[in-house]
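One structure is given below, encoded as structure tokens.
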Amino acid sequence: MARQLFVNLPVKDLDKTVEFFTALGFSFNPDFTDENATCMIVNDDAFVMLLVEAYFKTFTSKAAADTAGAAEVIMSFSLDSREAVDELVRTALTSGGAPSQEAQDYGFMYTHSFQDPDGHLWEVFWMDPAGPPKDAAL
């Protein structure tokens, strides 16, 4: 059985966050959605639990990272083409996201990134299915 991955992120405004990620083409599992949380589906084995900050705090004794000045993690996911990467980042920026890093082109891999409305960092990438050339520096 494949392991499933669940990433838990605190959010300030759940409705605004759902609207943002819906614009990026994500869907949500209604069985795990209420006023405190929603389960964003990345694929069959990867999910992002978007938790209202007060609810998020019930799962840890640590403070949530202040994304205005600190990065707690960078979530990365792949798309099928360079054009799809650029289109998704454009959509993120016009849907309430903020710029993060400039696009990087490594030849066999192309990346671009954005911040969601809560300041969480997201990287979107395309990678050549053949992988890096034997002499590529990573």
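When the side chain to side chain donor-acceptor pair (under 3.5 Å) test is applied to Gln115, no partner is found at least two apart in sequence or on another chain. Applying the ring-ring contact (aromatic ring centres under 6.0 Å, His included) rule to Phe77 yields the partners Phe26; only residues at least two apart in sequence or on another chain are considered. Remark: His120 engages Glu72 in a side chain to side chain donor-acceptor pair (under 3.5 Å) (not counting sequence neighbours).
Taking the six-membered ring for Trp and thresholds of 30 and 60 degrees, Tyr55 and Phe59 have ring planes more than 60 degrees apart, a perpendicular arrangement.
Applying the 6.0 Å contact sphere to CG of Leu5 captures more than 12 heavy atoms from other residues, nucleotides or ligands. In Asp80, the CG atom is not crowded: 12 or fewer heavy atoms of neighbouring residues, nucleotides or ligands sit closer than 6.0 Å.
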Fill in: Derivation and outcome, side chain to side chain contact (heavy atoms under 4.5 Å, CB included), residues Asp128 and Met109
CA-CA 6 Å; Asp128 185 330; Met109 183 171 68; over 6 Å; no
Worksheet item: For Thr17 and Met40, what are the C-alpha separation, side-chain angles and deciding distance, and is it a side chain to side chain contact (heavy atoms under 4.5 Å, CB included)?
Response: CA-CA 10 Å; Thr17 301; Met40 184 172 82; over 6 Å; no
Practice prompt. Start with the C-alpha distance between Glu87 and Arg90, add both sets of side-chain angles, then the distance that settles salt bridge (charged side-chain N to carboxylate O under 4.0 Å, His left out), and finish with yes or no.
Written response: CA-CA 5 Å; Glu87 180 61 29; Arg90 272 193 298 277; 3.0 Å; yes
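With hydrophobic clusters built from ILVMFWY side chains whose heavy atoms lie under 4.5 angstrom apart, Phe20 shares a cluster with Leu79. Hydrophobic clustering of Ile, Leu, Val, Met, Phe, Trp and Tyr side chains at less than 4.5 Å, counting indirect connections, keeps Phe47 apart from Val52. Follow the hydrophobic side-chain contacts under 4.5 Å out from Val48 and you never reach Leu51; the two are in separate clusters. There is a path of hydrophobic side-chain contacts, each under 4.5 Å, that joins Phe28 to Leu24. Cluster membership check: Val7 shares its hydrophobic cluster with Leu50, using side-chain heavy-atom separations under 4.5 Å among Ile, Leu, Val, Met, Phe, Trp and Tyr.
What you find for Phe114 and Val89 is that their closest heavy atoms are CD2-CG2, 4.2 Å. Scanning both residues, Asn43 and Asp45, for their nearest heavy atoms gives OD1-N, 2.8 Å. The two residues Trp126 and Gly107 have their closest heavy-atom pair at CZ3-O, 3.8 Å. Of all heavy-atom pairs spanning Val124 and Leu88, the tightest one is CG2-CD2, 3.6 Å. Between Ala71 and Leu121, the shortest heavy-atom distance links the atoms CB-CD1, 3.6 Å. In this structure, Tyr110 and Ala103 approach most closely via the heavy-atom pair OH-CB, 3.4 Å.
Expressed to the nearest 0.5 Å, how far SG of Cys39 lies from CG of Asp31 amounts to 9.5 Å. Distance OG1/Thr33 to CG/Leu14: 8.0 Å, rounded to 0.5 Å. With values rounded to the nearest 0.5 angstrom, Phe32 atom CZ is found 11.0 Å from Asp34 atom CG. Distance check, rounded to the nearest 0.5 Å: OG1 of Thr38 to CG of Asn29 gives 7.5 Å. Thr58 contributes atom OG1, which lies 12.5 Å from atom CD of Glu53 (distance to the nearest 0.5 angstrom).
With Ser95 contributing its side chain and Ala92 its backbone, the two residues share no donor-acceptor pair below 3.5 Å. Ser113 places a side-chain N or O within 3.5 Å of a backbone atom of Gln101 that can act as its donor or acceptor partner.
For the 3.5 Å distance criterion, the side chains of Asp118 and Thr67 fail to qualify, holding no donor opposite an acceptor. Side-chain N/O atoms of Ser76 and Glu123 include a donor and acceptor closer than 3.5 Å.
Taking the six-membered ring for Trp, Trp122 and Phe21 have ring centres closer than 6.0 Å.
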